[in-house]
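Reading through the structure tokens given below for one structure.
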Amino acid sequence: MGDNVIRLHKSTDIPVVTTLTVVPDPAPAPLWVRSGRAVKHAVTHETTKTAARAFARHSLYVVGGARIVGRRAWDGRTAARYERYMRTAEAAGNMELAAEWEERGQRYRDARHRRRMDLLHSPLDAGKSALVGTGMGIGGLVALGIVMAIATKDLSDVVTPLMAAVEFINLIITIVSVVWGPAVTLGPFLALLALWAVGSKQQAAPQWALPATVRNGEGEPITPSIVVKALRDLGVPALRNAIKEMGDAGASMLGPIRIAGCGVEVDVTLPSGVSTIEVQNRRRKLAENLSRHEHEVFITIPQAARTVRLWVADSGALDEPIGPSPLVTDETMTADYAKGRAPWGQDLRGDTAALSLYQRHLLITGLSNQGKTVALRSLALWLALDRSVEFWVGDLKGVGDWNMFDGLAARLIQGPTDEHVIEVTEMVEDAVEEMNRRIQAPPGTQFPALIVIVDEAQMAFMCPAKDEERRPYGGSKSNSRYFMAVRKIHNQGRAVNVLMWQGTQDPTDQNLPKLVREGAHTRASLALGTESQARMALGDKAVDGGAAPNLLRPGLDQGTLVLASSGIAIPAGQASITVRTHYIDDDAAKAITDRARALRDGVTTLHAIDRGEQRDPLADIATVIGDAARVLTADVLKRLSTLNADAYGAWTPGDLKRVLEDAGAEPYKSDGRMVVGRDRVHRALTNRDTEGSASADG
């Protein structure tokens, strides 16, 4: 509201009317509003909630304790316990044990019937016993008094024992009358305290009322009761009801809990009506019920029916490194392709995971940057320590991951372009020709292993380039050159030790055709995105048996892979095994390949494949000899065939001798074997070039 105020202007003394506006103070909130806010704050305050939960928890401890005591009393007075044991045995399919519990229950009922019949005659027997006992007692006291009277010669001592007994009875009555009142008053409170103690010990209150458990980073130890409780709270009604009905609270479902590497392992026989897939599909909830992360619990299916095998890691153990590879720590280690096993890493039990590579095609897949190349390269590094093994390597990533195989592999192609894919495809086709040559050799001929490695093979399958005849290099059709070459090696290469190893990313039907992935004898997968990808990588049998690379943590479980292969020891009844592979960095890999090169006479690595051009035999001979002082003629022929099978694949020792003799660099004997000398070949090349220059000048 406005009030008019008259005042004089300082300079003119003229009255001026000024209106002042007075803003009233805001009215206080009504009392009922302030009271409601206070009540709401008091109700929602954390202290109030904690106090309410504590009150509910301790009250429910009494209720739960009464229920437990009542059930125990009921079990003690009835045959309910035997009924539960019998149902447990029936659920487990053990009919013999069920019949035994039924017989025990019947014996209990017979004994209970006899006790009840005895109670009908107990009042009469008790009366007779009381009369006889009272008479004998009084008579005994009188006889004792007579003896005392004779000893003291005082006739009044005859009743002394009897009066002492009367006074003792009176004292007991007095004590009972004094204690009875407080006992009646305190009895209910003591009973409630006893029930509370039973309920508190058994945590007989709802989960919301129990205090929050403060956990450290170590997790809880795995005990039978924890496993059963985790299964009971899994959210499977049939499993929960079956555990409640079991007389042993579900303990009969569990096998022994065994120490298994950095965790424990236990077999769980599920009751009738519960399938293994229901447990597998709740892996995360089961892990949380066991106070573990999802990646710390693995569920597999052993041979026994209705059984799941749980492996539970020690909390945080899977995030710790497993240590260096024996290839790095043991500089004297060698390999044996036929009989040896590559030390690849450790399984979840902490045992060495050693893989046999003998006559097994290999496929490793996974998301990008999960350790696929390192895992694939680790196997090649071990096998390189067998001097008889030959490598042809195509790296379609082209960032130098396989550089250390320069001078060790007969062929090394590195690069991500379509031109590199074409060269890798032609390399695989050359391997097919080598395979066919071996197949046509006389029966019984032994061939050294030829390992054809293609890393980032999805680049080859997805290459759009076509040749002059319009045949695609990529794809999965019958005219796809890379696809058909791999299929041919998968079909027949194993018999003559021509093996195909492939590493690929993010498997799909487009970048990893079904026929190719199923042709691999050893299939391994690092972390993947989906279950469908896991099935592509490992096959339906492995995934249905519990293999789940899609549940590995991308970026955190680098180097951890799920493996399905006959070349590794897999626990009985399982279709796959999880392996934590050793990490071998580039420097360590170079040191291993240096040792591998020292075992060999020298290998000239071909970095490109040339086709359809005129060859210079003498220059090619100089190329394949490399830096060696002399090379066996047989090895020179083999290297020439590797360099260009079209030009030199059909060469015989006579062809080689003719070319060298024409050039003036004829072979000679060294230690009884024919060799080709480097100096002679280089001198012949120099003389030829000099003569050619002189002819041109003339």
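Throughout, numbering of the chain's residues begins at 1 and tracks the sequence.
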Step by step, work out the side-chain contact (heavy atoms from CB on, under 4.5 Å) result for N369 and L367.
CA-CA 7 Å; N369 197 31; L367 297 178; over 6 Å; no
Before giving the answer on side chain to side chain donor-acceptor pair (under 3.5 Å), spell out for Q533 and D506 the whole-Å C-alpha distance, their side-chain angles and the decisive distance to 0.1 Å.
CA-CA 7 Å; Q533 290 178 329; D506 196 13; 2.3 Å; yes
Evaluate the side-chain contact (heavy atoms from CB on, under 4.5 Å) criterion for residues D347 and T578: first the C-alpha distance (whole Å), next the side-chain angles of each, then the deciding distance (0.1 Å), finally the verdict.
CA-CA 6 Å; D347 61 16; T578 301; over 6 Å; no
Applying side chain to side chain donor-acceptor pair (under 3.5 Å) to D620 and T623, what does each step give before you reach the verdict?
CA-CA 5 Å; D620 286 343; T623 300; 4.7 Å; no
Does the pair E456 and K372 meet the rule for a salt bridge (charged side-chain N to carboxylate O under 4.0 Å, His left out), with working shown?
CA-CA 9 Å; E456 304 297 338; K372 170 179 52 61; 3.0 Å; yes
Would R553 and T560 count as a side chain to side chain donor-acceptor pair (under 3.5 Å) here? Give the steps.
CA-CA 9 Å; R553 301 168 299 167; T560 299; over 6 Å; no
Let's go through R595 and L385 carefully: what are the C-alpha distance in whole Å and the side-chain angles of both, what is the deciding distance for side-chain contact (heavy atoms from CB on, under 4.5 Å) to 0.1 Å, and is it a yes or a no?
CA-CA 7 Å; R595 286 158 39 200; L385 297 176; 3.8 Å; yes
side-chain contact (heavy atoms from CB on, under 4.5 Å) between V681 and L660: does it pass, once the steps are laid out?
CA-CA 8 Å; V681 174; L660 292 173; 4.2 Å; yes
Quick one, R411 with D430, criterion salt bridge (charged side-chain N to carboxylate O under 4.0 Å, His left out). Give me CA distance, side-chain angles, the key distance, then yes/no.
CA-CA 11 Å; R411 301 190 184 191; D430 287 348; 2.7 Å; yes
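Between E661 and R658 no salt bridge is recorded (no basic side-chain N to carboxylate O distance below 4.0 Å). Ion pairing of D594 with R597 is present here, as a side-chain N (NZ or NE/NH1/NH2) and a carboxylate O approach within less than 4.0 Å. For K488 and E429, the salt-bridge test fails: no basic side-chain N is under 4.0 Å from an acidic carboxylate O. A salt bridge links R481 to D467: at least one charged side-chain nitrogen sits closer than 4.0 Å to a carboxylate oxygen. A salt bridge between E390 and K638 is present, with a side-chain N of the basic residue lying under 4.0 Å from a carboxylate O of the acidic one. Ion pairing between a basic and an acidic side chain is recognised when a charged N comes within 4.0 Å of a carboxylate O; D401 and K397 show such pairing.
The line from CZ of F405 to NZ of K590 is 13.0 Å long, rounded to the nearest 0.5 Å. Atoms OG1 and CZ, from T530 and R535 in turn, are 10.5 Å apart once rounded to the nearest 0.5 Å. How far CD of Q370 is from CD1 of I364: 13.5 Å, rounded to the nearest 0.5 Å. L561 contributes atom CG, which lies 9.5 Å from atom CG of L538 (distance to the nearest 0.5 angstrom). Rounding to the nearest 0.5 Å gives a distance of 12.5 Å between CE of M536 and CG of L363. Separation of atoms CD (E426) and CD (E433) is listed at 10.5 Å; rounding is to 0.5 Å.
Between P653 and L656, the closest side-chain pair of non-hydrogen atoms is not below 4.5 Å. Considering only heavy atoms from C-beta on, W501 stays 4.5 Å or farther from V452 through its side chain. In this structure the side chain of L396 never reaches within 4.5 angstrom of the side chain of P416, judged on heavy atoms. Between W402 and I413, every side-chain heavy-atom pair lies at or beyond the 4.5 Å cut-off. Looking only at side-chain heavy atoms (C-beta outward), V675 and V631 stay at 4.5 Å or farther from each other. Within the 4.5 Å cutoff, side-chain heavy atoms of V676 are placed close to those of I625. Counting heavy atoms from C-beta on, the side chains of I299 and R309 never come closer than 4.5 Å. Side-chain atoms of F391 and L383, non-hydrogen and from C-beta on, do get closer than 4.5 Å to each other.
Other residues, nucleotides and ligands contribute at most 12 non-hydrogen atoms within 6.0 Å of the NZ atom of K657. Within 6.0 Å of atom CZ in R471, more than 12 heavy atoms from other residues, nucleotides or ligands are found, so the atom counts as buried in its surroundings.
A donor-acceptor contact closer than 3.5 angstrom links the side chains of T373 and D455.
Not a single donor-acceptor pair under 3.5 Å links the side chain of N687 to the backbone N or O of A684. Side chain of T445 to backbone of A441: no donor-acceptor contact under 3.5 angstrom is found. Remark: side-chain polar atoms of S641 are not paired, donor with acceptor, to backbone N or O of L637 under 3.5 angstrom. Checking side-chain atoms of R494 against main-chain N and O of I489 turns up no donor-acceptor pair under 3.5 Å. Between the side chain of D406 and the backbone N or O of N403, no donor-acceptor pair lies under 3.5 Å. Looking at T508, its side chain does come within 3.5 Å of a backbone N or O of N511 through a donor-acceptor pair. With hydrogens and angles ignored, the 3.5 Å screen pairs no side-chain donor or acceptor of T522 with any backbone N or O of R360. A distance-only check finds no donor-acceptor pair linking the side chain of R438 to the backbone of G493 [under 3.5 Å]. With T581 contributing its side chain and G559 its backbone, the two residues share a donor-acceptor pair below 3.5 Å. Under the 3.5 Å distance criterion, the side-chain polar atoms of R517 are matched with a main-chain donor or acceptor of L512.
The two residues E265 and A260 have their closest heavy-atom pair at CB-CB, 3.9 Å. In terms of heavy-atom proximity, Q502 sits nearest to F461 at OE1-CE1, 3.7 Å. Residues A575 and A564 share a closest heavy-atom pair of O-CB, 3.8 Å. Minimum heavy-atom separation, A569 to I577: O-CD1, 3.6 Å. The heavy-atom pair separating V374 from H582 by the smallest distance is CG1-O, 4.4 Å. Smallest separation of non-hydrogen atoms from T504 and Q458: OG1-OE1, 3.1 Å.
By the 30° and 60° cut-offs, the orientation of the rings of H521 relative to H361 is parallel. Between W651 and Y648, the ring-plane angle classifies as perpendicular under the 30° and 60° cut-offs.
Checking each of D586, D585, D395 against R377 for a salt bridge (Lys or Arg N to Asp or Glu O under 4.0 Å) leaves exactly one that passes, namely D586.
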Give every donor-acceptor pair under 3.5 Å between a side-chain atom in residues 326-342 and any protein atom, sequence neighbours left out.
{"unit_1": "D330", "atom_1": "OD1", "unit_2": "T332", "atom_2": "N", "d": "3.1"}
{"unit_1": "D330", "atom_1": "OD1", "unit_2": "T332", "atom_2": "OG1", "d": "2.6"}
{"unit_1": "D336", "atom_1": "OD1", "unit_2": "A338", "atom_2": "N", "d": "3.1"}
{"unit_1": "D336", "atom_1": "OD1", "unit_2": "K339", "atom_2": "N", "d": "3.3"}
{"unit_1": "Y337", "atom_1": "OH", "unit_2": "Q359", "atom_2": "N", "d": "3.0"}
{"unit_1": "Y337", "atom_1": "OH", "unit_2": "N497", "atom_2": "OD1", "d": "2.8"}
{"unit_1": "R341", "atom_1": "NH1", "unit_2": "G567", "atom_2": "O", "d": "2.5"}

